[in-house]
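Sequential numbering from 1 along the given sequence is applied to the chain's residues. Keep in mind that the numbers below use all heavy atoms, side chains included, and drop hydrogens, waters and symmetry copies. Owing to the predicted nature of the structure, the values given are computational and were not obtained by experimental measurement.
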Amino acid sequence: MAQMSCLVFGSGFVMGSGHGRRDGGLARFERVGGEGRDAVVVDVRRRVGRGGVRCEMGGVTEPVVAYGGATLTVPGVEVESGGNAVVVAHEGFEQLMSAARPAGVVEEEEHAWVAMAEPVTVEKDLSNLSSSSSSSVAAGVSSNGGVMVAEDALSAEQLKQASASKGGMRWNMLLSTEALEDAHLFRASSVTDAHVLRRKGRLKEQDGLIEFIISMHATHSPFQVMEKVERWVREHVADPKRSTLNRLIPHMGPRFHTPLPLVRALNEYDEFASLSRRKYVPPNFAEVRHVLNIAQVHAIAEKLSLITFDADGTIYADGHHIEGDNKMIGHIIKLMREGIQVAIVTAAGYPGNASKFEGRLAGLLEAFKELQLPPHIRRLFHVMGGECNYLLHVNSEYRLEFVPDELWKSPDMLAWGEDEVKELLDNAERSLKSAAARLRVPIDIIRKPRAVGAVPKDPTIYEVLEEMALTVQVQLMQSGLPFCAFNGGNDVFVDVGNKSVGLRALMKYLNTKCCETLHVGDRFTVSGNDMATRSQCSILWVANPEETAFFARLLLRDIRLAKLNQYIE
């Protein structure tokens, strides 16, 4: 059975045709009736968003193109009952199809779609519908199915104008999952779907050591790999500059602060990942990362004094905050009861406004209050904001309050002049605007006392934000002040200072050492704001809050076992 498909341009139909049946689309167009009495029948398989289309047959004798409770008639086509095939367009299509409306179309009223400038072309295409025309028209149609468009139904000028309509609206719709679901634009799936366009690819999985470990599996078994790397890490901790790892992976720096029991960690992970039993599939990036995390937990548990957590994407989802049911609340309190200092180190900065920090941690602070944590435990918790610019602690009323700068900041940090800060932020703002203009990304600039950020006005893909962040990093390389230019996933921000500077000051303030400190975060790539912490302490690289909770449980178990072993001995 032949099939006809069409795309509603907001003013009428551009007809196309193809073979076979496709259900579940915007609508299905079938050729029915006897010889010489062909008709186009629309069969809607499901409602589309807030709107939809349906078919009525018979009872209409004059071609009508209208909108808003009226009928949209396909002219020149009859059904067996003698009427025309009628399509009724329902509420919702005007908004969703506005991006594709050809230039020159005039709306007669607020909810009206008027006939196209060349209705004769449509009538001709319909009246001459046949199996032979189906294949010829389909030649210019996407092979992936969905809504198929016969571009020859429009003039080249009309298509050009339609393509340029509304600037980038068409891509905005493709990049928005919600718009795709509402409009059901199957033409988008012939390019790629929104999830693929917005996926982060491997940009969040970049690490020279992990990639080197993966490559070693081409000639070594998993246990041989981990035996060698464990030995090299031990050597690297002793002498980072002349270690084997530093020769194999240049510019590694003082990456490790404790030896790592990688063979033990692999044995544990192998129990459910079956790495050692796989013949053809080497470990992937996440699996090697998990083995390194497990080894780091075992290595540091006994002597852990301070653990710091990134916020967004680590202890709660991006753009959210700690609510009462967050699993990390219990783990953080248990760590504090074990005598471990806990700090949230985040890029979010609200100078002079402790209540905004409280809003991010409302569930945790409420738990502190409900449990009436005694002062000696309450004092173990801190929040560092703006990468390194603000430090807060919990007062006797279980509220956050700022720690005076002179009590915790290093002399270098206190020496940062306002003129230097302003110059850095001015240069960063110019760089962000320049990169956004080059990439054709409309942005809003957010300026704070110690930060400046670019927030795209429309959704954009991760790779574009990555390009902006790296551009700023390169252009600010000669800055006299430390800074952090990072890809936040939905924006790009530049902060004065970075987490390395903040952790160094915090460790001095709390009297802890590098080998006793652990930072947990999700952004350890070159454009991530957790990367700088590697030079100051050991790290756990997690991908989401669920992984953070898993490793927190493992850490608590190891801490308790270490204390139990000391008691037995």
Sidechain N-carboxylate O distance under 4.0 Å for Glu429, Lys422:
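Not counted as a salt bridge, because no side-chain N and carboxylate O are separated by less than 4.0 Å.
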With a 4.0 Å cut-off, would you call Asp207 and Arg289 a salt bridge?
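No.
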Parallel under 30°, tilted from 30 to 60°, perpendicular over 60°: which one fits the rings of [X] and [Y]?
X	Y	value
Tyr509	His382	perpendicular
Phe524	His519	perpendicular
Phe256	His236	perpendicular

Without hydrogens or angle criteria, can the side chains of [X] and [Y] be said to hold a donor-acceptor pair below 3.5 Å?
X	Y	result
Thr314	Arg523	no
Ser410	Asp412	no
Glu466	Ser527	yes
Arg264	Asn267	no
His298	Glu268	yes

[X] atom [atom1], neighbour heavy-atom count above 12 within 6.0 Å:
X	atom1	result
Asp239	CG	yes
Gln224	CD	yes
Arg399	CZ	no
Glu406	CD	yes
Lys327	NZ	no

side-chain hydrogen bond (donor to acceptor under 3.5 Å, both in side chains), paired with Tyr316, selected from Glu323, His321, Arg360:
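Testing each of Glu323, His321, Arg360 against Tyr316, the sole residue satisfying side-chain hydrogen bond (donor to acceptor under 3.5 Å, both in side chains) is Arg360.
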Main-chain N/O of Val345 paired to Lys499 side chain as donor or acceptor, under 3.5 Å
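Flag set: sc Lys499 to bb Val345 pair under 3.5 Å.
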I'd like to know if the side chain of Asn498 and the backbone of Cys484 have a donor-acceptor N/O pair within less than 3.5 Å.
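Answer holds: no.
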Ring pair (Phe, Tyr, Trp, His ring centres under 6.0 Å): pairs with one or both residues in residues 350-370, sequence neighbours excluded:
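Listed by first then second residue: Tyr350-Phe357, Phe368-Phe381.
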Any ring pair (Phe, Tyr, Trp, His ring centres under 6.0 Å) involving residues 471-505? Give me the pairs, sequence neighbours left out, ordered by first then second residue.
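Matches after skipping sequence neighbours: none remain.
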Sequence neighbours left out, what passes side-chain hydrogen bond (donor to acceptor under 3.5 Å, both in side chains) with Glu235? Give chain and number order.
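Thr244.
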Using the ring centroid of each side chain, check whether Trp408 and Phe402 are separated by less than 6.0 Å.
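They do not qualify: ring centres at least 6.0 Å apart.
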Would Gln296 and Thr258 satisfy side chain to side chain donor-acceptor pair (under 3.5 Å), going step by step from the backbone distance to the final call?
CA-CA 8 Å; Gln296 186 62 76; Thr258 64; 3.0 Å; yes
Looking at Asp312 and Ala317, what are the two nearest heavy atoms and their distance?
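Smallest interatomic distance, heavy atoms only, reads OD2-O, 4.3 Å.
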I would like to know whether Thr471 and Arg438 meet side chain to side chain donor-acceptor pair (under 3.5 Å); could you show each step before the answer?
CA-CA 11 Å; Thr471 298; Arg438 172 168 57 88; 3.0 Å; yes
